[in-house]
Amino acid sequence: MLDILKETWSWWFSGAIITGIMFLLLFFGQSFGFSSNLRTICSAAGCGKSVKFFDFNWKSQIWNLVFLIGAILGGFIAHQFLSSDEAINISSNTVADLAKLGFSAPQSVQPAELFSLEAAFTIKGFLILAFGGLLVGFGSRYAGGCTSGHAISGLSDLQFPSLIAVVGFFIGGLIMTFLIIPLLF
Amino acid sequence: MLGTLFGIVMAKSEALSWYRIQEMFRFQAFHMYGIIGTAVTLGVIGVALIKKYNIRDFHGNPIKFHPKEKSIVRYLLGGIIFGLGWALSGACPGPMVVNIGYGFFTMIIVFLFALLGTYVYGYFKDKLPH
């Protein structure tokens with residue numbers, strides 16, 4: 001049983017669990033949307049004094065911060081107890097495309113070229129991580145949600161704005177993947 | 001509890017991986033589409049059932065869905081900016097923190113800058129087209 005859990009979870013099983021999480025959150029009177037936590041943390045840090053957007057009762061969102069802490073713990077558990085420590089098995093076409101950009105074949109779930117300490121402490125490596133985060137944080141609040149809020153919760157409720165946002169996610173993602181990343185590496 | 005399950009599923013489905021996001025944006029595997037597609041398909045059915053039978057939550061209140069404000073420009077522009085960051089860092093906000101728990105501590109940099117990005121949005125909110 002544990003061996004099955006240690007392998008990569010299949011897409012249908014993972015997708016079903018994500019839906020289960022969304023419905024359990026709804027059942028407990030909450031909703032599934034992760035990026036709201038970024039706004040909540042800014043507000044808790046006192047940004048509401050100077051910027052109106054962060055002036056709201058962030059304590060009503062503590063349940064979502066608990067969800068965030070839980071997610072960190074989940075990552076830890078998955079790595080410590082449910083990991084097989086095998087290299088990620090992505091498409092050979094992707095490996096080949098990334099090799100042309102100078103990425104070596106996957107050794108773990110994340111490329112050392114981006115996420116190792118050595119990479120993060122080069123100027124270029126740091127700027128890539130910083131810009132990536134900046135764009136995600138700005139974009140998710142501008143669009144009013146991230147993958148969980150729009151692609152999962154919003155599309156499940158057949159919300160047209162969420163469809164536009166998801167189309168936007170892909171336009172941005174494709175521009176980055178095919179036009180900008182080749183310039184960076 | 002639910003957050004922990006979310007963290008485990010993000011890690012074990014490999015949705016937290018930069019490689020998986022690259023594979024998705026290069027249309028070279030079904031994996032990420034399968035995850036999101038399954039979640040949305042089941043989600044659409046479940047939401048329709050909740051609405052049809054007026055299912056109540058744990059506290060006995062009707063489950064409400066909050067329609068998003070009508071607009072195109074903010075969803076499209078915001079979405080594009082988000083997508084640029086998603087493909088570059090390989091992480092949306094949830095998987096960022098799951099990565100930190102997983103042991104990729106450099107994701108802390110990404111997360112802190114995502115907080116900064118959110119702050120910048122809040123600061124300029126009234127000047128942006130919505």
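Values reported hereafter were calculated over all heavy atoms of this structure, with side chains retained and with hydrogens, waters and symmetry mates removed. Numbers restart at 1 for each chain; the letters A, B, ... are given by sequence-line order, proteins then strands.
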Take a 6.0 Å sphere around [atom1] of [X] and say whether it holds more than 12 heavy atoms from other residues, nucleotides or ligands.
{"X": "A:Asn93", "atom1": "CG", "answer": "yes"}
{"X": "B:Tyr123", "atom1": "OH", "answer": "no"}
{"X": "A:Lys52", "atom1": "NZ", "answer": "no"}

Heavy-atom distance under 4.5 Å to chain B: side chain of [X], backbone, both or neither?
{"X": "A:Phe54", "value": "side chain"}
{"X": "A:Ile77", "value": "side chain"}
{"X": "A:Phe103", "value": "side chain"}
{"X": "A:Leu117", "value": "both"}
{"X": "A:Leu163", "value": "neither"}
{"X": "A:Ile17", "value": "side chain"}
{"X": "A:Gln80", "value": "neither"}
{"X": "A:Leu155", "value": "both"}
{"X": "A:Leu179", "value": "neither"}
{"X": "A:Phe81", "value": "neither"}

Heavy-atom distance under 4.5 Å between the side chains of [X] and [Y], does that happen here?
{"X": "B:His130", "Y": "A:Tyr142", "value": "yes"}
{"X": "B:Leu88", "Y": "A:Ile128", "value": "yes"}
{"X": "B:Tyr102", "Y": "A:Ser83", "value": "yes"}
{"X": "B:Gln22", "Y": "A:Ile90", "value": "no"}
{"X": "B:Leu128", "Y": "A:Phe138", "value": "yes"}
{"X": "A:Pro161", "Y": "B:Glu69", "value": "no"}
{"X": "A:Leu129", "Y": "B:Thr106", "value": "yes"}

[X] versus chain A, the contacting section by heavy-atom distance below 4.5 Å:
{"X": "B:Tyr33", "value": "side chain"}
{"X": "B:Pro129", "value": "both"}
{"X": "B:Thr41", "value": "neither"}
{"X": "B:Ile72", "value": "both"}
{"X": "B:Met96", "value": "side chain"}
{"X": "B:Ile50", "value": "side chain"}
{"X": "B:Ala91", "value": "backbone"}
{"X": "B:Phe104", "value": "side chain"}

Quick check on the interface: out of [options], who has the most heavy-atom pairs with chain A under 4.5 Å?
{"options": "B:Phe58, B:Phe111, B:Phe124", "result": "B:Phe58"}
{"options": "B:Tyr119, B:Phe25, B:Phe30", "result": "B:Phe25"}
{"options": "B:Ile100, B:Ile36, B:Val120", "result": "B:Val120"}
{"options": "B:Lys70, B:Lys64, B:Lys51", "result": "B:Lys51"}
{"options": "B:Met107, B:Arg20, B:Met10, B:Lys125", "result": "B:Arg20"}
{"options": "B:Phe27, B:Phe105, B:Phe65", "result": "B:Phe65"}

Does [Y] offer a backbone N or O that forms a donor-acceptor pair with the side chain of [X] under 3.5 Å?
{"X": "B:Lys12", "Y": "A:Leu82", "result": "yes"}
{"X": "A:Ser91", "Y": "B:Ala29", "result": "no"}
{"X": "A:Gln110", "Y": "B:Trp18", "result": "yes"}
{"X": "B:Glu23", "Y": "A:Thr94", "result": "no"}
{"X": "B:Glu14", "Y": "A:Ile88", "result": "no"}
{"X": "B:Thr38", "Y": "A:Gly15", "result": "no"}

Taking all atoms of both residues into account, what is the closest heavy-atom pair of [X] and [Y], and its distance?
{"X": "B:Ile35", "Y": "A:Ser14", "value": "CG1-CB, 4.2 Å"}
{"X": "B:Lys68", "Y": "A:Ser162", "value": "CE-OG, 3.9 Å"}
{"X": "B:His31", "Y": "A:Thr8", "value": "CE1-CG2, 4.3 Å"}
{"X": "A:Gly137", "Y": "B:Thr118", "value": "O-OG1, 3.3 Å"}
{"X": "A:Ile171", "Y": "B:Leu76", "value": "CD1-CD1, 4.2 Å"}
{"X": "A:Val136", "Y": "B:Gly85", "value": "CG2-C, 3.4 Å"}

Best-contacting candidate, [options], against chain B by heavy atom pairs under 4.5 angstrom:
{"options": "A:Val66, A:Leu184, A:Leu68", "result": "A:Leu68"}
{"options": "A:Asn37, A:Thr147, A:Asn64, A:Val166", "result": "A:Thr147"}
{"options": "A:Gly74, A:Gly154, A:Ser50", "result": "A:Gly74"}
{"options": "A:Phe76, A:Phe53, A:Phe67, A:Phe28", "result": "A:Phe67"}
{"options": "A:Leu26, A:Ile152, A:Leu73", "result": "A:Leu26"}
{"options": "A:Ala165, A:Ser153, A:Pro111", "result": "A:Pro111"}

Review point. Nearest 0.5 Å, what's the CD1-CG distance between B:Ile81 and A:Leu134?
Key: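 Output value for this atom pair is 10.0 Å.
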
Exercise for review: Enter the distance from B:Leu42:CG to A:Trp12:CH2 here, rounded to the nearest 0.5 Å.
Suggested key: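 So the CG of B:Leu42 and the CH2 of A:Trp12 are separated by 11.0 Å.
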
Exercise for review: Answer with yes or no whether the hydrophobic clustering places B:Leu5 together with A:Trp63; edges join I, L, V, M, F, W, Y residues whose side-chain heavy atoms lie under 4.5 Å apart.
Suggested key: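 Shared cluster, yes.
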
Check your understanding: Does A:Ile69 belong to the same Ile/Leu/Val/Met/Phe/Trp/Tyr cluster as B:Met1, with side-chain heavy atoms less than 4.5 Å apart forming each link?
Key ->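 Different clusters: A:Ile69 never reaches B:Met1 through Ile, Leu, Val, Met, Phe, Trp or Tyr contacts under 4.5 Å.
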
Give a yes or no on whether the ring-centroid distance for [X] and [Y] is below 6.0 angstrom.
{"X": "A:His150", "Y": "B:Phe82", "result": "no"}
{"X": "B:Tyr75", "Y": "A:Phe160", "result": "no"}
{"X": "B:Phe113", "Y": "A:Phe131", "result": "no"}

Practice item. Please work out whether the ring planes of A:Phe169 and B:Trp86 are parallel, tilted or perpendicular, with thresholds of 30° and 60°. Key: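 Plane angle over 60°, so perpendicular.
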
Review point. When you measure from the centre of the six-membered ring of A:Phe178, is the NZ or CZ of B:Arg26 under 6.0 Å away and within 45° of the axis?
Key: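 Geometry flag: set, cation within 6.0 Å and 45°.
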
